[in-house]
There are 2 protein chains.
Amino acid sequence: PRSLPTMSSGPVPSREPPRYLSKAEAEAMEKELLEDYRFGRQQLIEIWGHACAMAVTKAFPLPSLPRKQPTVLVVCGPAQNGAIGLVCARHLRVFDYEPTIFYPKRSLDPLHRDFTTQCEKMDIPFLSYLPTEVQLINDAYNAVVDAVLGAEAELGEGRGPCAGILATLKHVRIPIVSLDVPSGWDVEAGSSGGISPDVLVSLMAPKQCARRFLGRQHFVAGRFVPYDVQKKFELNPPEYPGTECVVALSAPQ
Amino acid sequence: PRSLPTMSSGPVPSREPPRYLSKAEAEAMEKELLEDYRFGRQQLIEIWGHACAMAVTKAFPLPSLPRKQPTVLVVCGPAQNGAIGLVCARHLRVFDYEPTIFYPKRSLDPLHRDFTTQCEKMDIPFLSYLPTEVQLINDAYNAVVDAVLGAEAELGEGRGPCAGILATLKHVRIPIVSLDVPSGWDVEAGSSGGISPDVLVSLMAPKQCARRFLGRQHFVAGRFVPYDVQKKFELNPPEYPGTECVVALSAPQ
C-alpha cells in the first residue's frame, strides 16, 4: 500500500455531568467487556484494584496523613468487590502505604484465592476480627477502604453476614473510601441510613446511587473502557489528564 | 487486642546501578511470581503491557512527536512478549496515541487471543504485512515498539519466522522501543549486529544484555515486584517517584 492506516482521533471528553448507570446498564456493560471484548476477570479486577489504590493516593496523599504510620484498613467482602479490595491493598503496599486487610468470608474462587495469596506473601497483615470498639479503628488507621459489598449485592442478599461489619463502619469516624457502590446501599436508590463514605470510586462509570453521594470526592475509574462502549452507554466520560486512570469529578454532586 | 498491627516501612530504593539478571535468574523470578505468589499470567501481562505504554508516553510525549498523527507501530511476536505488545497497544490507544499492530504469527493461546480481540474490538488497525520498503515505515510512524521476541527466545529458535521482520527493523530509521530483551539479542550476551533500540523497557529487572544497550533511555518496570523477591534477587531497585510503575534509570549505562 502507498500509505499505512491511521485512526481518527479518540473520544472527546465531556465536562458535562456524567451519566449515572442503572443496575441493568452496569451489568450489561460489564457483560459486554467480558463477553464481546474478551476482557478477563483477573485483568479487570487488576485494573480496578489499581485504580482504587490510585484514588486513595489522591484523596489521602502520604504527606497529608494525620497518623505517624500510613495505615489504611481494607475491608473485603466475599464477592468481586472484595477481590478488588485485595488488589487495591497490594498496590497501596507498593505505593508505600501500610494496608491491613480484614477479609472474614473468603471466597473459594481460585481467582480470589490467588489475589489473597499475593497479599499474604507480601506480608500485608490480615486481621482475624474487626474490633467492635470503634475507637481502636479510629486510632489505628488513617482511612478505611470499604470493599465489602458492591453492585452485585441485592437488598438483603449477602448482607446478612456482613451486617456486623456495616454496623461498625457506620460508627467509624475516620474517612471511608467506598468502591463503586457503598456497602449496604442500593445500586439505584442509594442509602437509607447506611454508611456515609467520604470518598467514592466509581468503576467504569458512576451508578445511580452516586447521585446520593454527599462525601468529599467522587472519583471515576473508567479510562480503560473502550470508546465504542462509552458511546453506546452515552457515558460523558470525564477528562483524564495525562496517563491517569482515575480522575476526581470537579462538578458538584 | 490493644493495638492493631502495622508494618515496618518498605524497601529502601537504591541509587546504585541495578543488578543485571542472568537468563536463569529471570526465569526463576518469573516462576516465583507465578507459582509462589500466585500472580496470574493475564495479570502480569496486563501489568507489563501497561508499564510499557507508560514508558512510551515518557520517551515520546504526545506534544513532542514529529508527525502530525501520534502513530506508533507495535510489532508483536508469537510468544509472551507479543501479548505484552498487544496490551501496550491497547493502553497507547487509551492514552490518545494511534497504535497500529503487526502480529503475523498469532498465538493459539486463549489468553493471547483475548488480548488480540480487545485490540481488534477497539478498532486498532492490524497490518496484514510489514512493508519491506523501510521508507514507508519511517514516514508513517513516530516509533516502533519491538515486542517480537523476548527473553524466551533461544538463539536460533523462533527467530526463523521472524528473521524478515528483524531485517526490516534493523534498517528502520525511526526510534525502536524494545521490551525486556531486544529482538534477536541474546538475554545475556546481547547484540551481535542486530537491532539497536533507542529505548529499552526492562520488565521486573534489567537482564544482562541491558549492559550492551547504547540507546537513549532505559526504563525499568519492576515496581510491582514484591519486596522479598527484590531482596532475594538483590535487585537494587530504582526509586519510583509517586505512584509511577516505570522509571528511567538516570545513571549512565
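Values reported hereafter were calculated over all heavy atoms of this structure, with side chains retained and with hydrogens, waters and symmetry mates removed. Every chain is numbered from 1, with letters handed out A, B, ... down the list of sequences. All of these numbers come straight from a predicted model, not from anything done at the bench.
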Do B:F115 and A:Q43 have side chains that get closer than 4.5 Å, going by heavy atoms?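 A side-chain contact under 4.5 Å exists here.
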What I'd like to find out is whether the side chain of A:M122 reaches to under 4.5 Å of the side chain of B:Y37, using heavy atoms alone.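 With C-beta onward as the side chain, the pair touches.
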Atom OH in B:Y240, atom CG in A:D96: separation rounded to 0.5 Å?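 The distance works out to 12.5 Å.
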What's the spacing between B:K121 NZ and A:D228 CG if we round to 0.5 Å?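 Answer for the NZ-CG pair, B:K121 versus A:D228, is 8.0 Å.
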Give the member of B:D139, B:D114, B:V94 that has the highest number of heavy-atom pairs under 4.5 Å with chain A.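 Max contact count across the listed options: B:D114.
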With distance as the sole test, does B:Q118 use its side chain to make a donor-acceptor pair with the main-chain N or O of A:R38 at under 3.5 Å?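 At least one qualifying donor-acceptor pair exists.
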Could you pull out the closest heavy-atom pair between A:G40 and B:Q42, with the gap in Å?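 Closest approach of A:G40 to B:Q42, heavy atoms only: CA-NE2, 3.3 Å.
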Taking all atoms of both residues into account, what is the closest heavy-atom pair of A:R223 and B:F95, and its distance?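 In this case the closest contact between A:R223 and B:F95 is NH2-CA, 3.8 Å.
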Measure A:I47 against the heavy atoms of chain B and call it side chain, backbone, both or neither at under 4.5 Å.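 Just its side chain gets close to chain B.
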If you count heavy-atom pairs under 4.5 Å between each of A:R113, A:M54, A:E46 and chain B, which one has the most?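 Highest number of pairs under 4.5 Å: A:E46.
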Sorted by first residue and then second, give each side chain to side chain donor-acceptor pair (under 3.5 Å) pair with at least one member in residues 47-62 of chain B; sequence neighbours left out.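 Every side chain to side chain donor-acceptor pair (under 3.5 Å) pair that includes a residue of residues 47-62 of chain B, provided the two are not neighbours, is B:K58-B:E244.
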